[in-house]
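To start, the structure itself, in structure tokens.
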Amino acid sequence: MPQARLIDGKAIAAALRGEIATEVAGIRAASGKVPGLHVVLVGDDPASRVYVASKEKLAVEVGMNSVAHRLPAETTQAALLAKLAELNADDAVDGILVQLPLPKHLDTAAVIDAIDPAKDVDGLHPINAGRLAGGKIDPEQLLVPCTPLGSMLLLKSVLPALAGLEAVVIGRSELVGRPVAQLLLQADCTVTIAHSRTRDLAAVVRRADIVVAAVGRPGFVRGEWIKPGATVIDVGINRLPDGKLTGDVAFAEAAEIAGAITPVPGGVGPMTIACLLRNTLTAFKARRG
Ligand code: GUN
């Protein structure tokens with residue numbers, strides 16, 4: 001039996017989407033305008049198709065204008081950049097997200113650089129990443145990557161006072177590890193970023209009041225690494241050979257020791273799209289609000 005409190009990402013994400021829907025309805029009533037989210041999918045990666053369909057559906061549910069641009073796998077760099085230029089120039093487009101990973105022949109960094117930073121609802125443009133790293137702007141006003149933002153909202157749901165806590169982030173990716181570390185730092189945590197070359201990872205994790213696991217390896221973080229009472233945010237979404245989804249943390253073990261833990265599925269996963277919608281609303285308000 002898990003002793004840890006379960007952090008219900010599904011419920012917290014649904015509540016956030018409800019708040020966004022209310023705000024969008026208010027904007028529509030007052031101005032006749034609604035935020036527009038445009039998702040660009042190149043090729044037919046099955047997982048990406050599913051994610052894009054969910055983003056489209058949930059954006060409609062909160063009352064936004066939602067458009068998916070499905071481009072063929074052989075789309076050229078020039079054609080993709082032309083599509084982004086068109087979306088950048090269209091005032092009705094508030095948020096642009098290019099679903100990753102892109103087919104190998106495309107230059108992902110150049111594609112992200114081509115998105116108007118004011119419409120970069122993924123928070124991946126170097127200007128947005130730099131603003132976050134600068135630490136001078138309230139993250140609420142920034143376009144911050146969606147999974148890190150969702151992870152922080154889950155963390156704050158159980159730990160309202162983060163200042164001074166030891167946080168260990170396992171993983172240093174551009175999409176999750178680095179931005180989540182910046183957000184924890186902004187919240188006055190003492191932050192360690194661990195990675196594949198970290199020595200004695202177990203000892204590093206044992207110091208942590210907060211563990212954020214973003215490594216992409218099923219069950220990699222063991223229960224005995226967790227400090228009793230720590231809060232564990234599991235960002236991993238790994239598909240096992242039997243088709244089941246599992247996280248980066250050995251859940252049954254960790255739940256015996258942690259104070260609070262996110263399940264997989266039903267933890268961080270549902271927060272990602274809810275935060276994408278929140279970023280789209282943030283971008284709308286900054287551009288046209
Ligand atoms: N693919 C998996 N996660 C993400 C994400 O957060 N943003 C984008 N653009 N692509 C993804």
Measure the shortest side-chain to side-chain distance between [X] and [Y] over non-hydrogen atoms and say whether it is less than 4.5 angstrom.
X: Leu16; Y: Ile12; result: no
X: Ile7; Y: Ile261; result: no
X: Met271; Y: Thr147; result: no
X: Thr231; Y: Asp209; result: no
X: Leu276; Y: Leu37; result: yes
X: Pro148; Y: Cys275; result: no

Okay, side chain of [X], backbone of [Y]: is any donor-acceptor separation there less than 3.5 Å?
X: Ser31; Y: Arg28; value: no
X: Ser173; Y: Val176; value: yes
X: Thr262; Y: Asp234; value: yes
X: Asn65; Y: Gly36; value: no
X: Gln77; Y: Asp107; value: yes
X: Asp45; Y: Leu100; value: no
X: Asp90; Y: Ala92; value: yes
X: His125; Y: Lys119; value: no

Can you see which heavy atom on [X] is nearest to which on [Y], and at what distance?
X: Val232; Y: Ala258; value: CG2-CB, 3.9 Å
X: Pro117; Y: Leu143; value: O-CD1, 3.5 Å
X: Ala208; Y: Val168; value: CB-CG2, 3.6 Å
X: Arg207; Y: Thr192; value: NH2-OG1, 3.4 Å

### Task
Check the hydrophobic clustering (I, L, V, M, F, W, Y; side-chain heavy atoms under 4.5 Å; chains of links allowed) and say if Leu277 and Val24 are grouped together.
yes
### Query
Salt bridge between Lys285 and Glu23, side-chain N to carboxylate O under 4.0 Å?
yes
### Query
Does a side-chain N-to-carboxylate-O contact under 4.0 Å join Arg287 and Asp94?
yes
### Task
Check the pair Glu140, Arg278 against side chain to side chain contact (heavy atoms under 4.5 Å, CB included), reporting the backbone distance first and the verdict last.
CA-CA 10 Å; Glu140 299 264 330; Arg278 179 166 141 156; 3.4 Å; yes
### Task
Would you indicate whether Glu224, at its atom CD, is surrounded by more than 12 heavy atoms from other residues, nucleotides or ligands within a distance under 6.0 Å?
no
### Query
Got a sec: does the CZ of Arg222 have more than 12 other heavy atoms crowding it under 6.0 Å?
no
For residues 239-248, tabulate all N or O donor-acceptor pairs below 3.5 Å that involve a side-chain atom, not counting sequence neighbours.
from	atom 1	to	atom 2	distance (Å)
Arg239	NH1	Gly243	O	2.7
Asp242	OD1	Lys244	N	2.9
Asp248	OD1	Gly216	N	3.3
Asp248	OD1	Arg217	N	3.1
Asp248	OD1	Asn238	ND2	2.9
Asp248	OD2	Val215	N	2.7
Asp248	OD2	Gly216	N	3.0

### Task
Assign the ring pair Phe220 / Trp225 to parallel, tilted or perpendicular, where the plane angle (0 to 90°) is split at 30° and 60°.
perpendicular
Cut-off 3.5 Å, no hydrogens considered: what does the side-chain donor-acceptor table look like for residues 182-189, sequence neighbours left out?
from	atom 1	to	atom 2	distance (Å)
Gln186	NE2	Ile137	O	3.0

